[in-house]
Structures are given as C-alpha cells and as structure tokens.
2 protein chains.
Amino acid sequence: MTIDSRLSWTQVRDEIRARILNRTYAPGDKLPRDEDLAQELGCARTTVHRAMQDLSLAGLVERKRKGGTRVKSDPVTRATFDIPITRREVEQRGSKYGYQLIQRSVELTPPAIMARFGLPTAIKMMRVKALHLSDNRPFILEDRWIDIRSNPDILEVDLTTQSANEWLVLHKPYSRLDLRFYAMNATGEIAKHLDTPDTSAVLVIERTTWIGADPITTVQAVTMPGYQLSSVS
Amino acid sequence: MTIDSRLSWTQVRDEIRARILNRTYAPGDKLPRDEDLAQELGCARTTVHRAMQDLSLAGLVERKRKGGTRVKSDPVTRATFDIPITRREVEQRGSKYGYQLIQRSVELTPPAIMARFGLPTAIKMMRVKALHLSDNRPFILEDRWIDIRSNPDILEVDLTTQSANEWLVLHKPYSRLDLRFYAMNATGEIAKHLDTPDTSAVLVIERTTWIGADPITTVQAVTMPGYQLSSVS
DNA sequence: AAATTCAATATGTAGCTACATAATAATGTC
DNA sequence: GACATTATTATGTAGCTACATATTGAATTT
C-alpha cells in the first residue's frame, strides 16, 4: 500500500488497538459497527473486517454475528510457539544428532494416559521410549504412546533407526492438539537417562494429538537441564 | 457458505493441507500458483489466497512474492498460549487473589537484564519484587524491571495495593514481545517466598516487552510447584 | 404470560477488479 | 563478462458487490 493513499488493514488494526489501550474503547465496551468505523476512518468495510479479524485472533476483541464487537474484559498476552522435530532442532544448533531406542512394547494404557486422551477404558497402545542426543549428550527423553488402531502402519516402522517423533509428524496429520509445559524434578530413571544429578529441574513438554475424535499419540518429552522454549517473533 | 456451492477458503485450506501430508506436494516442493490452484479447484484466487495465508500462518508453507509458495521442509508444531493477568487467572480458578509487594527500588541493570533487552550499557530501572497469592498460598513470585524513561508514570503508581503486572498490561501497549519458558530449582530466597522445599522444580515464565526499540519491562515469573501451561484450543 | 415466529441487523464469506510490491529473469550497456 | 536497467511474474492489498448466517428483539400466536 502507499503511505499517503488510503489506510491499510494493518494501519486500521493499529488505530483500533491504540484506541483500546487509550481507553477510548474500554474493556467490555462495544465497538462501533465495522461499517461505521470504515466510514469514520475512510476505508472499506472489508479493511475494517480484516483488522478486526486480526485483533480477534490476537485475543483483544470478541466478535459475534449481530452482537457486534466488544473489547475483551480481561486482556491476555498471546504468544505462538514452534516445537520443531527434535532432529532439526539439534541440527539447527549446529550439533550432531543422535537417537537411541530404549524400549518398544505394547501395553495397556494406565489411567494417566487414558486421562490425556479422555479415554473411558484402557486399551492396548504401542509404547516407545527413546533418547535424542545432541553431540552424543542426552538432549530429550521421550516416553510415547501410539494408538495402533488409528496407526497400524507404525508397527512396520523400524524404530531403532528412525524416531517415532519424526515419522508421526511427517506422516500423521492431526486435527486437534494439546500442548502443555511444566517443570519436574528428574527422578531416578529419568535422571539416569539424561545423565543429570538427581532432583535437577527439567522442563517437560507434553504433546497429545487426535484425528477427529480418535487418539493418535501422546508424548512426554523431558528436556535436558537448561532447556528453554521461546516464542516466535 | 453452502455445502454444495463453491468451496470455502477453509475447505481449500484443508484440501491443500491434505495434499501436503499426502506427499502430493512434498516438503521443499513448490506449489502451483494461486491462480492455477483456483482454476483447478473451481474457486477464485482470493479464496486460495486466504487459504494460503492461513497455512503460512500455521507454519506449513512459505510464500514469497514472485518466488511462489513452497512447502516448508521442516514441519513444526505451532501452538498458541495465553498468559492471563495473574489476578484473573487466580479468580478464574475460583480462588481468592492476594498480592504482596516485597521490594521496590531503582537500580542499575545487571548484565543479565541488559542482555534480555539487548542494551549495550547499564541504565537505571525500577525493580519490583512481588508475590501473587491464591487462597493465601504463594502462587507466582515475580521479579520485574521497568524502564522509567519510557514509563515515568509508573513512579506515581501505588504498588503496595496494585500489581505492576496488571497496571502495565492495562496501560502500556507493546510492539514486541519475547516470551520464554524454562525450569529451575527453587533456591533459597525463591523457595522461601514460595514456601516450598529447597530444590523443588518450578516453571519460570520470562516476559520482555518493547515499544518500538525502547524497553518497557521484563519479568521473571516463578510459578508455584505443579504449575502447568497449556495451549489454547 | 409464555412460546413461537419472523424481521432486522452485524458479522462472515466468496468473487470480481484493479493496482502495489518484491523478486526474479531478461535485456542492454560498458 | 560484469554490471545496471527493465520487464515479467506471483503474491499482497484495497475496494466493490452480493449473499450467507447467526443472533437479537419485536411481533404474533397460543
């Protein structure tokens, strides 16, 4: 867009955002209709619409058909995070990637895993424990459960050389994702695999995916001490 | 849109996504031009454009003017997180919110804080340590630095009753945000304030904001043991 | 008065045109 | 051949029209 021509949708968005932070439109208030704002700012309704969509995505406003647009009463900081494939993450840091399969079995899901998927009863799933290495040092320890009903082909994959992480991300689309982060003290077995002192604090990434209503996989990825996650710019 | 009429942009997006996961368009491949895809799928270029924008935002493809669209070679899991104002977070869990100011001073920024902002030299900033309580139990301990050049009015705010967290979020817009999560062992002073055994693992949220190139504030928020962050659906 | 129906309304979506912009490819000049 | 200039091309943006859809609120019926 040209600077001195009409307003671009980003400019409109910034103007509205400024007004919200100005208290011109206070938290909980109803904003003017798109069309009125468009007329006031001298642009088309589509432009205001685009701006509003962005603000809505950013969590600043809430829109409802007919109901109009209102400023969210409790502002939140919304940020995006990228969780790359572990191999790529290691390689992008300029380190050598390594992978070790620790365990591969078929087991009945314990209650904790059923809870993650929201399953009412226990079923048999494939369980894979593996260690990702960076320059031959432990990097991430993963404990994964895979639903063999929705992914029977995983049984054919050679998991001694290829990580289930990578195979699933590349071959299994998901429609729903739950990601959560928390801290824990590395206990006996985990501390041993990560080669770290007992009770050292580690960041855990828990990732569960479904396709439709069917579970695909859930992983608990325990990162090495000092690991840090940062938002995408 | 009507089901049996033309394709909606979400349908187009899903179709393209399916093809990417199908390996019809493999990682690194160049996708057809928007216009060609539009013709093939029987919709307008704008519709394909919208779909592509979404896929680009989701991190699945990369677009460049003239260069066209290509499938990102290393797929990532992208998720969004909301960091609410602490008071709201506590209240939404149905607990009573409490707040205690621990320290309020003006100090020269140590190297660690300069690094967070990318400052070349040390400057004087306001430092605020405070404890957020949930049902009278420690919930989050924050150690905050505020640039008094860009926020002189913070000096007038009574921080014994109102948290700087809330005041800043409500009154200070930011143009750039850096969020990072990591785990640490609660040390002496932190463990004491959080009323938790020494060395227990805690999740730390570090949040730094700028307006333009100017620093606004940076916080290290140490959460209580067991705290968990989860992605928005 | 309660329930149902229906009209009004604000946002959501699709398609079209026109032009802007950035990156590449082709061309011309020295 | 190296460099600068220009044309080409694919995506990005803005505006318009038309219609879809959800929700509110008024009108109507029971």
Side-chain angles (χ1 to χ4, degrees), chain A residues 1-17 19-20 24-73 233, chain B residues 1-17 19-20 24-73 233:
Chain A
M1 81 263 143
T2 325
I3 296 293
D4 33 6
S5 79
R6 265 163 282 205
L7 296 170
S8 72
W9 72 268
T10 46
Q11 288 172 290
V12 170
R13 178 198 58 193
D14 293 347
E15 171 63 26
I16 298 169
R17 201 204 335 247
R19 289 186 186 183
I20 290 171
T24 308
Y25 310 132
D29 277 9
K30 203 158 111 178
L31 292 162
R33 302 165 42 211
D34 289 8
E35 211 163 332
D36 293 344
L37 264 173
Q39 197 161 26
E40 187 207 325
L41 299 171
C43 66
R45 180 167 82 87
T46 16
T47 310
V48 175
H49 179 68
R50 275 261 258 284
M52 287 295 195
Q53 287 261 318
D54 197 66
L55 290 170
S56 171
L57 242 156
L60 250 172
V61 302
E62 254 179 336
R63 317 196 83 201
K64 252 199 294 193
R65 275 180 173 158
K66 164 80 183 180
T69 311
R70 42 181 67 247
V71 182
K72 268 205 170 178
S73 45
S233 50
Chain B
M1 81 267 139
T2 326
I3 297 293
D4 32 7
S5 78
R6 266 163 282 205
L7 296 171
S8 73
W9 71 268
T10 46
Q11 288 173 290
V12 170
R13 178 198 57 193
D14 293 347
E15 171 63 26
I16 298 169
R17 202 206 333 250
R19 288 186 187 181
I20 290 171
T24 308
Y25 311 132
D29 277 11
K30 204 158 109 178
L31 293 161
R33 302 165 41 210
D34 289 7
E35 209 164 333
D36 293 345
L37 265 173
Q39 195 161 29
E40 188 207 325
L41 299 171
C43 65
R45 179 167 82 88
T46 20
T47 310
V48 175
H49 179 69
R50 276 260 258 286
M52 287 296 195
Q53 287 261 320
D54 198 66
L55 291 170
S56 172
L57 243 156
L60 250 172
V61 302
E62 252 178 338
R63 318 197 82 203
K64 254 199 293 192
R65 277 181 171 156
K66 164 82 183 179
T69 310
R70 42 182 66 247
V71 182
K72 267 205 169 177
S73 45
S233 47

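Note that the structure is a prediction, hence the values are computed from the model and not measured. These values consider heavy atoms only, across backbone and side chains, with no hydrogens, waters or symmetry-generated copies.
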The side chain to side chain contact (heavy atoms under 4.5 Å, CB included) partners of A:D36 (sequence neighbours excluded) come to A:P32, A:R33
Is there a residue in residues 27-40 of chain A whose heavy atoms reach under 4.0 Å of DNA chain C, and which residues are they?
A:R33, A:D34
With pairs taken as Watson-Crick or G-U wobble and both distances under 3.5 angstrom, which stems of at least three consecutive pairs involve DNA chain D?
C:1-30 with D:1-30
Near DNA chain D, which residues from residues 50-60 of chain B have a heavy atom under 4.0 Å away?
B:Q53
From B:M52 CE over to B:L60 CG, what is the distance, rounded to the nearest 0.5 angstrom?
10.5 Å
dist A:D54:CG -> A:R50:CZ (nearest 0.5 Å) comes out at 10.0 Å
Nearest-0.5 Å distance, OG1 of residue B:T10 to CZ of residue B:R13:
6.0 Å
Answer yes or no: does atom CD of A:E40 have more than 12 heavy-atom neighbours from other residues, nucleotides or ligands under 6.0 Å?
yes
Can you check the A:Q11 CD to D:dT13 P distance for me, whole Å?
12 Å
Less than 3.5 Å apart, any donor N or O on the side chain of A:Q11 or A:S8 sitting next to an acceptor on the other?
yes
Could you give me the CA-CA distance, side-chain angles and deciding distance for A:V61 and A:I16, then say whether side-chain contact (heavy atoms from CB on, under 4.5 Å) is met?
CA-CA 10 Å; A:V61 302; A:I16 298 169; 5.6 Å; no
B:R70 (side chain) donor-acceptor with B:G28 (main chain) under 3.5 angstrom:
yes
The test is side-chain contact (heavy atoms from CB on, under 4.5 Å); show your working for B:E15 and B:V12 and say whether it passes.
CA-CA 5 Å; B:E15 171 63 26; B:V12 170; 5.6 Å; no
Under the side chain to side chain contact (heavy atoms under 4.5 Å, CB included) test, which residues partner B:D14, sequence neighbours left out?
B:R17
Select one nucleotide: of D:dT11, D:dA14, C:dT11, the one nearest the side-chain heavy atoms of B:R45.
D:dT11
From B:L55, B:D29, B:L31, residue fulfilling side-chain contact (heavy atoms from CB on, under 4.5 Å) relative to B:T69
B:L31
Distance, nearest 0.5 Å, that separates CD of A:E62 from NZ of A:K72:
5.0 Å
OP1 or OP2 of D:dA14 sitting under 4.0 Å from any side-chain N/O of A:S8?
yes
Considering all heavy atoms, the nearest A:C43-A:V48 contact
SG-CG2, 3.7 Å
Which of residues 61-71 of chain A have a heavy atom under 4.0 Å from DNA chain C?
A:R63, A:K64, A:R65, A:K66, A:G68, A:T69
Starting from C1' on C:dA20, measure out to NE2 on B:H49 and report it in whole angstrom.
13 Å
